Amino acid sequence: MGFACDVLVAGSGAGGLAAAVTARKAGLEVLVAEKEPWYGGTTALSGGWLWIPNHPMQKEIGVADSIEDASTYLLHEAGEKFDPERVNAFLIAGPRMVEFFTRETAVKFDPSATFPDYHPDAPGGRPGGRSIVARAFDGRELGKMLRMLRPPLPELTVFGIMIGSGAELVHFMRWSKSLASAAFVARRLVGHGAAMLFHGRGVRLTNGNALAGRLLKSALDAGVRLRASTAVKELMRENGRVTGAILRCGSEELRVTARKGVVLACGGFPQDAERRQRLFRHQAHFSPAPPGNTGDGLRLAQATGGKLDESLPNAAAWVPVSRVPRHDGSFGLFPHFIDRAKPGVIAVTQKGVRFVNEGNSYHDFVQALLKTGETHAWLVTDHRALRAYGLGFVKPRPLPLAAHLESGYLLSGGTVGELAQRAGIDAALAKTVEAFNGKAKMGSDPVFRKGENAYNRFYGDPDIKPNPCVAPLARAPFYAVRVEIGDLGTYAGIATNGHAQVLDESKRPIPGLYAAGNDALSIMGGNYPGPGITLGPAMTFGWLAGRHLAGVA
């Protein structure tokens, strides 16, 4: 069986759907083949933020920026892996991409003046304003296709409710302290219960689920053809040009001719055990990425003569994750974004010593852990901080702790020494806590300087003075959660140019072949400069690919 289209897109995350919608809006016939039974890819599980310097909403929030400063910042971050052509293409096209999707599609964004770059004090860095997030979306607009949208990670919901960033998150953090917040949360609970009754899932989509939902709605509105549970197994070539692919859906094979070309956006290789073993310095790894992200795009590109670049100092965007026991005996994964920065929380190795500024980015946290030679750490806190902020999957008061203690996810001890013994942490933990507390009483962390930059403070507690990220661990009992190394997507990938064309070993474009999202080599040089540095380039280079396929300047 076979059929033809202008553009075939492999994958339905932000990069793939951005390319599909852009090409379709330019008049091309587009087919999206999604390997998994759901649409949305890793995007649907993500925070939904995009890092886009000079985006058009910066003026509204009073933020000044420039291409020059953003380029300087990326040069600082990427170092010798800085790619002038692609960085320049990204910085010029990013704001135009935002304007296009905001004007032409169902995709809408909200800016943040306060969400900082992850290294705000570096040359060209900013204390806020470069990141935008997908606006909350009513999933009912998808109609019957709502059931085809990948649901969020259950570990990142509260009673199944997706919690948006910003003010909404603050309400959920303060629901036991504020009547207004309690009323807000109560309304969300009632609305979610009604949605579960009538739709079988939540319909108020936030974060990455909102972005995936908005992109899916935009694709449907534009007339993009979509096929789920359909994998791209082999690319077809004629006279050196990629002309289509062989797809597999169950036992059925489909031969698709793509008159203009193919876009690879298969989500990178976080679930490719062989490639991970070869490229990661550590072996114990836990990725919350979809199970289908097994490096298909990289293999397809390489089989067609495409160049893979595996030379970055970090092959993936690292994040510490904890393993959450589920009722069926399996484990979910909780990515630790926020809790590490809270006052009264420290991180230690198995030897009981601190190794990092806990408030630094998740990528920096794991890099510091890897330098110790260990592959797991412990987040340690006291009763005050645990009940005020929660820790990982453990929620703050008034939600109970018993289930987490019984499952072994949360460990406790009447003293720091007892906690150390229960967790198998070296007895040096007691001295570590004592030394930390001595300075923490004054809001100081002279060893790792927690709370001394804008990114640390963004996730701190402004009610704690003088340092929103530092407080002593003083009130028993004491608690610990074990964290392992995970990822938010892979960085190593397919070499491309400023149009998202796949390059061969001689750095020449392969006609008819493009790559976007985590399939393409990251422009960040193995570093993690700010919130949304995967989705921002994913949508931008997807947009560039769609335009180049359509011959639009």
Side-chain angles (χ1 to χ4, degrees), residues 42 44-47 150-160 163 208 269-273 276-277 280-294 316-340 342 345-352 355-356 358 362-363 365-370 372-381 386 389-396 399-413 419-425 429 478-490:
T42 308
L45 305 177
S46 72
R150 178 179 292 280
L153 284 174
E155 284 72 29
L156 289 180
T157 65
V158 178
F159 303 122
I163 303 173
F269 63 91
Q271 303 293 8
D272 181 349
R276 275 194 342 214
Q277 185 176 23
F280 294 1
R281 287 179 286 167
H282 58 284
Q283 297 306 307
H285 188 85
F286 302 89
S287 178
N293 291 13
T294 55
W318 310 127
V319 64
V321 298
S322 51
R323 301 176 70 202
V324 182
R326 290 176 173 171
H327 295 302
D328 62 1
S330 65
F331 286 86
L333 296 175
F334 184 95
H336 290 257
F337 300 129
I338 298 172
D339 52 0
R340 296 172 292 102
K342 297 302 183 187
V345 177
I346 63 171
V348 299
T349 65
Q350 199 70 29
K351 296 177 182 177
F355 60 95
V356 70
E358 295 87 355
Y362 29 89
H363 186 69
F365 180 95
V366 172
Q367 287 190 89
L369 178 60
L370 286 168
T372 70
E374 299 192 25
T375 58
H376 76 271
W378 294 88
L379 298 182
V380 178
T381 191
L386 184 77
Y389 317 117
L391 188 68
F393 190 57
V394 180
K395 303 301 183 288
L399 294 184
L401 305 179
H404 303 297
L405 292 167
E406 289 171 6
S407 72
Y409 175 79
L410 180 69
L411 302 181
S412 71
L419 174 66
Q421 186 176 22
R422 192 160 293 173
I425 302 172
L429 178 63
F478 301 90
Y479 302 92
V481 168
R482 175 171 167 149
V483 294
E484 319 275 355
I485 299 176
D487 70 81
L488 295 175
T490 48

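Computed from a prediction, not measured in an experiment: that's the story for all the values here. Quick note: residue numbers are just sequence positions, from 1. Quick note: numbers below take in every heavy atom, side chains included, and nothing from hydrogens, waters or symmetry partners.
- Here the CZ atom belonging to R326 is positioned 13.0 Å from the OG atom belonging to S407, to the nearest 0.5 angstrom.
- In this structure the side chain of W378 reaches within 4.5 angstrom of the side chain of L411, judged on heavy atoms.
- Within the 4.5 Å cutoff, the side chain of E358 has no heavy atoms near those of the V345 side chain.
- From Q271, atom CD reaches atom OG1 of T490 across 10.0 Å, with rounding to the nearest 0.5 Å.
- The heavy-atom pair separating L153 from P288 by the smallest distance is CD1-CB, 3.9 Å.
- For the side chain to side chain contact (heavy atoms under 4.5 Å, CB included) criterion with L379, the lone passing option out of R482, H336, K342 is H336.
- Contact annotation: the side chain of E155 never approaches that of L333 to less than 4.5 Å [non-hydrogen atoms, C-beta and beyond].
- Contact detail for H376 and L369: the closest heavy-atom pair is O-CD1, 3.6 Å.
- With sequence neighbours excluded, the residues forming a ring-ring contact (aromatic ring centres under 6.0 Å, His included) with F337 are Y362, listed by chain and number.
- Rounded to the nearest 0.5 angstrom, L405 CG and Y479 OH are separated by 6.5 Å.
- Formation of a donor-acceptor pair under 3.5 Å by the R422 side chain with backbone atoms of S412 is found in this model.
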Applying side-chain contact (heavy atoms from CB on, under 4.5 Å), run through T294 and F269 and close with a yes or a no. CA-CA 5 Å; T294 55; F269 63 91; over 6 Å; no
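- Looking at L401 and L386, their side chains come closer than 4.5 Å, going by heavy atoms from C-beta outward.
- With hydrogens and angles ignored, the 3.5 Å screen pairs a side-chain donor or acceptor of H363 with a backbone N or O of W318.
- The side-chain heavy atoms of F286 and I485, taken from C-beta on, include no pair separated by under 4.5 Å.
- The shortest non-hydrogen separation linking L399 to K395 is CD1-CB, 3.4 Å.
- Expressed to the nearest 0.5 Å, how far CG of L391 lies from CD1 of I338 amounts to 12.5 Å.
- When all heavy atoms are compared, the tightest approach of P335 to V319 is CB-CG2, 4.1 Å.
- Evaluation of the ring-ring contact (aromatic ring centres under 6.0 Å, His included) rule for F393 yields H404 as partners, not counting sequence neighbours.
- Annotation: the span from L419 atom CG to I425 atom CD1 amounts to 5.5 Å, rounded to 0.5 Å.
- Put simply, NE2 on H285 and OG1 on T375 are 11.5 Å apart, with the number rounded to the nearest 0.5 Å.
- Closest approach of T42 to P290, counting heavy atoms only: OG1-CD, 3.4 Å.
- Of all heavy-atom pairs between D487 and P270, the closest is OD1-CB, 3.5 Å.
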